[in-house]
Amino acid sequence: MPELPEVEVVRRGLERWAIGRTVASAEVLHPRAVRRNDGSLPDRLKGRTVVSAERRGKYLWLPLHDDPPGDGGGRPGGAEEALLAHLGMSGQLLIVDPLAPMEKHLRVRLSFTDGGPELRFVDQRTFGHLLVAPMAVRLPRPVPEPIAHIAADPLEGAFDDEEFAARLRLRRTGLKRALLDQSLISGVGNIYADEALWRARLHWARPTETLTRPKIVELLSAVRAVMTEALAQGGTSFDSLYVNVNGESGYFDRSLAVYGRQDRPCPRCGAPIRREAFMNRSSYSCPKCQPRPRNARP
DNA sequence: ATCGTAGCCTGGAGGC
DNA sequence: TGCCTCCAGGCTACGA
């Protein structure tokens with residue numbers, strides 16, 4: 001459930017604690033956590049230095065260079081690579097003292113040549129994973145190859161509002177399904193989809209092709225506003241699973257208008273918030289502010 | 001090509 | 001107390 005703001009909180013932590021450090025060793029404690037790399041991940045990390053901490057949508061990655069720089073590590077063409085991470089439902093990237101006891105759901109640990117704090121990937125439900133992947137040569141912004149199909153997220157400069165509006169109107173599906181489609185817009189998950197739809201007074205089953213361009217722009221503004229506010233509060237956390245690299249939780253859950261608030265009053269009109277099943281999950285909305293369209297589409 | 005869904009996974013909550 | 005079922009839901013693979 002970490003969405004864009006929560007992942008950005010983690011990225012900022014990595015930016016502060018991981019850049020410039022060289023991996024001494026990597027230990028995999030659960031194979032599923034590196035399922036897209038098989039057993040090669042430790043060898044592909046050892047001796048390489050973290051250049052920066054990047055994010056697109058819910059993915060984050062640490063571009064790597066060889067230390068000392070030079071031969072490309074024997075990779076084809078000396079291609080640039082990165083350590084790519086997705087937190088899934090319950091993943092955490094923690095900066096921890098090497099002597100600290102192992103977390104119950106510790107999946108991967110990276111130690112550094114400076115002997116300082118380790119980077120630990122802890123993930124209860126194992127929906128998340130790490131992999132070392134080549135960078136796709138793709139302008140204007142290089143991203144790891146496995147996520148080349150992911151669209152820009154609404155908080156990055158590369159996001160094109162006009163293109164998003166045009167592509168959304170070409171879809172023949174429900175609005176929330178489109179918002180959750182990471183190849184159309186990335187970083188939006190169930191929580192912020194519901195919050196943004198409430199702010200824009202749109203029902204989740206609204207057929208995408210019936211939205212006007214101005215309404216789509218309004219929705220994008222709502223998406224950006226709710227994400228920016230959440231980020232300012234350190235992200236949303238319902239329990240201790242959603243934490244920054246120091247294990248601390250954010251406070252945005254106190255600011256949610258509809259998500260997880262079934263039967264409680266809409267902050268705008270007072271009507272009781274409704275919960276509906278959709279796509280094997282829950283959608284929360286206000287029955288008065290967000291009336292169900294007659295031509296609703298799941 | 002596009003759209004929709006099953007299945008992956010664990011632990012907490014609630015029913016009995 | 002303990003067993004069972006449900007729920008959380010991002011993403012991939014696959015079928016229509």
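Just so we're on the same page: letters track the sequence lines, and every chain starts at 1.
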Check step by step if side chain to side chain donor-acceptor pair (under 3.5 Å) holds for A:Ser25 and A:Ser111.
CA-CA 5 Å; A:Ser25 67; A:Ser111 65; 2.9 Å; yes
Could you list the residues that satisfy side-chain contact (heavy atoms from CB on, under 4.5 Å) with A:Gln182, not counting sequence neighbours?
A:Lys58, A:Ile150, A:Ser186
Which atom pair, heavy atoms only, marks the closest approach of A:Glu209 to A:Arg169?
CB-O, 3.5 Å
Distance in angstrom units between A:Leu60 CG and C:dG10 C1', rounded:
15 Å
Do we get A:Arg107 above A:Phe121's six-membered ring, with its NZ or CZ under 6.0 Å from the centre and within 45° of the axis?
no
Summary of protein contacts for nucleotides 8-15 of chain B, nucleotide by nucleotide, where a base hit scores B, a sugar-phosphate-only hit scores S (4.0 Å, heavy atoms):
BBBS----
When you compare the side chains of A:Thr173 and A:Thr208, does any donor N or O come within less than 3.5 Å of an acceptor on the partner?
no
So, does A:Gln182 get its side chain near the phosphate of C:dG10, meaning an N or O under 4.0 Å from OP1 or OP2?
no
Compute whether any side-chain donor of one residue and acceptor of the other, for A:Glu6 and A:Tyr192, lie under 3.5 angstrom apart.
yes
In 5'-to-3' order, the base (B), backbone-only (S) or no-contact (-) status of each nucleotide in nucleotides 2-7 of chain B, using a 4.0 angstrom heavy-atom cut-off, is -SSB--
Might you point out which heavy atoms bring A:Glu15 and A:Ala53 nearest each other, and give the distance in Å?
N-CB, 3.8 Å
Grab the CD-C1' distance between A:Gln92 and C:dG10 for me, whole Å please.
17 Å
A:Ala225: which residues meet the side-chain contact (heavy atoms from CB on, under 4.5 Å) condition with it, sequence neighbours left out?
A:Arg199, A:Glu229
Exercise: do A:Ser285 and A:Arg274 side chains pair donor with acceptor under 3.5 Å
yes
Using atom CZ of A:Arg275 as one end and atom P of C:dC7 as the other, report the distance to the nearest whole Å.
7 Å
Rounding to 10 degrees, work out the angle separating the end axes of the helix from B:dT2-C:dA16 to B:dC16-C:dG2 (five pairs an end).
50°
Under 3.5 Å, is there a donor-acceptor pair between the A:Thr126 and A:Gln124 side chains?
no
Tell me: CD of A:Glu6 to C1' of C:dA8, nearest whole Å?
15 Å
Which atoms of nucleotides 12-14 of chain C (N or O only) lie under 3.5 Å from a protein N or O atom, and what are those distances?
from   : atom 1 : to      : atom 2 : distance (Å)
C:dT12 : OP1    : A:Tyr59 : OH     : 3.4

Is a donor from one side chain sitting under 3.5 angstrom from an acceptor on the other, for A:Trp204 and A:Glu276?
yes
Distance check needed: B:dA1 C1' versus A:Leu184 CG, whole Å only.
15 Å
Salt bridge (charged side-chain N to carboxylate O under 4.0 Å, His left out) with A:Glu156: which of A:Arg11, A:Arg224, A:Arg141?
A:Arg141
Applying the side-chain contact (heavy atoms from CB on, under 4.5 Å) test to A:Trp17, which of A:Ile95, A:Val50, A:Leu93 qualifies?
A:Ile95
